[in-house]
Trainee: 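Input: one structure, supplied below.
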Amino acid sequence: MLSQVKTFEGMLDAKGLRFGIVCARFNDFFVSELLSGALDTIRRLGGDPANIDVAWVPGSFEIPLVISKMMDSGKYDATIALGMVIRGSTTHADHINSQVSKALGQLALEKGIPAVYGVVSTENIEQAIERSGTKAGNRGADAARTAVEMANLLKNFSRKG
């Protein structure tokens, strides 16, 4: 019975894919590391740096608007949002994370293009360091792998002719 089931999976092959990446300038020390991880991953998966565009915005809250414009351009197979929100002593981080994640999810559904959430939320600077390339890995690299896989997966559902 399982032999009759058609299974779809995305490959980790970035060859020929185009990516739009939007980075938050707030906490740019960490975001630059996330971006480096994303770019390196796409390159290692066969992607061409000439097929990657990067836009910088003031903060994570501004990311969805530029992701939307990138999607509207028709140039990209996937988009990636990169930011670093460090909690601090207020609830501001919760509001930012909630709004950005909702907006990106809605954009992906409406426009049919992956909007990968690579906005890292941490409790403190130590966690930010860990998630931008040290012992907890690089969340930018993780986001890039997700973007590549999703872009390839969605090719299975595009209309032909």
Trainee: Can you get from I129 to V31 by hopping between Ile, Leu, Val, Met, Phe, Trp and Tyr side chains that sit under 4.5 Å apart?
Mentor: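 Per the 4.5 Å side-chain linkage, I129 and V31 are co-clustered.
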Trainee: Under a 4.5 Å cut-off applied to non-hydrogen side-chain atoms, are V22 and L82 in contact?
Mentor: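 The answer is no; the side chains never approach within 4.5 Å.
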Trainee: Do the charged groups of D48 and K15 touch, with an N to O distance under 4.0 Å?
Mentor: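 Between K15 and D48 there is no salt bridge, as every charged N stays at least 4.0 Å from the carboxylate O atoms.
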Trainee: Locate the shortest heavy-atom distance separating S101 from S98; write the atom from each residue and the value.
Mentor: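 S101 and S98 have their closest heavy atoms at OG-O, 3.2 Å.
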Trainee: Would you say that N97 contacts Y117 through its side chain, given a criterion of any heavy-atom pair below 4.5 Å between the two side chains?
Mentor: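 Yes; the side chains approach each other to less than 4.5 Å.
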Trainee: Give a yes or no on whether a salt bridge exists between R139 and D142, defined as a side-chain N under 4.0 angstrom from a carboxylate O.
Mentor: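 A salt bridge links R139 with D142.
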Trainee: What's the verdict on side chain to side chain contact (heavy atoms under 4.5 Å, CB included) for I52 and I42, showing C-alpha distance, side-chain angles and the deciding distance?
Mentor: CA-CA 9 Å; I52 304 168; I42 292 169; 3.7 Å; yes
Trainee: How close do A78 and I113 get, heavy atom to heavy atom, and via which atoms?
Mentor: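 Scanning both residues completely, I find the closest heavy atoms to be CA-CG2, 3.9 Å.
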Trainee: Are F30 and L39 in one and the same hydrophobic cluster, where Ile, Leu, Val, Met, Phe, Trp and Tyr link if side-chain heavy atoms are under 4.5 Å apart?
Mentor: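 Linked, F30 and L39 end up in one cluster.
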Trainee: Taking all atoms of both residues into account, what is the closest heavy-atom pair of A55 and M70, and its distance?
Mentor: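 Result for this residue pair: CB-CE, 3.9 Å.
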Trainee: Using the rule that Ile, Leu, Val, Met, Phe, Trp and Tyr join whenever any side-chain heavy atoms are under 4.5 Å apart, tell me whether V100 and V57 fall into a single cluster.
Mentor: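 Yes, same cluster.
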Trainee: Apply side chain to side chain contact (heavy atoms under 4.5 Å, CB included) to the pair E149 and T146, showing each step before the final yes or no.
Mentor: CA-CA 5 Å; E149 185 174 348; T146 298; 5.9 Å; no
Trainee: Is there a donor-acceptor pair under 3.5 Å between the side chain of D53 and the backbone N or O of G20?
Mentor: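 A pair under 3.5 Å: no.
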Trainee: Using salt bridge (charged side-chain N to carboxylate O under 4.0 Å, His left out), reason through R25 and D28 one step at a time and then give a plain yes or no.
Mentor: CA-CA 5 Å; R25 196 172 313 284; D28 67 334; 5.6 Å; no
Trainee: Any heavy-atom pair between the side chains of S68 and K111 that's under 4.5 Å?
Mentor: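 Yes, their side chains come closer than 4.5 Å.
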Trainee: May I ask you to test the Q127-R131 pair for a side-chain heavy-atom distance under 4.5 Å?
Mentor: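 Q127 reaches R131 side chain to side chain.
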Trainee: Step through the shown structure and confirm whether more than 12 heavy atoms of other residues, nucleotides or ligands are within 6.0 Å of CD1 on I125.
Mentor: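 Counting other residues, nucleotides and ligands, CD1 of I125 stays at 12 neighbours or fewer.
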Trainee: Could you walk me through whether N51 and Y76 pass the side-chain hydrogen bond (donor to acceptor under 3.5 Å, both in side chains) test, one step at a time?
Mentor: CA-CA 9 Å; N51 289 337; Y76 306 102; over 6 Å; no
Trainee: Do V54 and C23 have side-chain heavy atoms sitting under 4.5 Å apart?
Mentor: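 Answer yes - side chains close enough.
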Trainee: Would you sort out whether T122 and V85 count as a side chain to side chain contact (heavy atoms under 4.5 Å, CB included), showing the intermediate values?
Mentor: CA-CA 6 Å; T122 68; V85 180; over 6 Å; no
Trainee: Using 0.5 Å steps for rounding, measure from the CD1 atom of I63 to the CD1 atom of I21.
Mentor: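 The CD1 atom of I63 sits 11.5 Å away from the CD1 atom of I21.
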Trainee: Ring pair (Phe, Tyr, Trp, His ring centres under 6.0 Å) between F61 and F26: does it pass, once the steps are laid out?
Mentor: CA-CA 10 Å; F61 191 79; F26 197 81; over 10 Å; no
Trainee: What are the two closest non-hydrogen atoms of L104 and A115, and how far apart are they?
Mentor: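 That would be O-CB, 3.6 Å.
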Trainee: Would a hydrophobic clustering, with Ile, Leu, Val, Met, Phe, Trp and Tyr connected at side-chain separations under 4.5 Å, put L12 with M150?
Mentor: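 Looking at the clustering, M150 is in a separate group from L12.
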Trainee: Return yes if some donor-acceptor pair links the side-chain N/O of N152 with the main-chain N/O of G10 below 3.5 Å, else return no.
Mentor: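 Between the backbone of G10 and the side chain of N152 there is no qualifying donor-acceptor contact (under 3.5 Å).
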Trainee: Less than 4.5 Å apart, side chain to side chain, heavy atoms only: is that true for R87 and N124?
Mentor: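 A side-chain contact is absent here, since even the closest heavy-atom pair is not under 4.5 Å.
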Trainee: Hey, does V119 have a side-chain heavy atom less than 4.5 Å from the side chain of I96?
Mentor: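 No, too far: nothing below the 4.5 Å cut-off.
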Trainee: Quick check: closest heavy atoms across S60 and A24, and the distance to 0.1 Å?
Mentor: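 Reported closest heavy-atom pair: N-CB, 3.5 Å.
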Trainee: Is M84 close to I86 at the side-chain level, that is, under 4.5 Å between some pair of heavy atoms?
Mentor: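 Yes, side chains in contact.
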Trainee: Determine whether a donor-acceptor pair (N or O, by modelled atom type, separation under 3.5 Å) exists between the side chain of N156 and the backbone of L153.
Mentor: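 Checking the backbone N and O of L153 against the side chain of N156, a donor-acceptor pair under 3.5 Å is found.
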Trainee: Please tell me whether F29 and W56 are part of a single hydrophobic cluster in this structure, the criterion being side-chain heavy atoms less than 4.5 Å apart.
Mentor: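 As far as the 4.5 Å side-chain criterion goes, W56 and F29 are connected within one cluster.
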Trainee: Got a second to check how far S132's OG is from L35's CG, nearest 0.5 Å?
Mentor: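 With rounding to 0.5 Å, OG (S132) is 12.0 Å from CG (L35).
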Trainee: Which heavy atom of A143 sits nearest a heavy atom of I80, and at what distance?
Mentor: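 Looking at all heavy atoms of both residues, the shortest contact is CB-CG2, 3.8 Å.
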Trainee: Mind checking the CD1-CE spacing from I67 to M71? Nearest 0.5 Å is all I need.
Mentor: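 The CE atom of M71 is 6.5 Å from CD1 of I67, to the nearest 0.5 Å.
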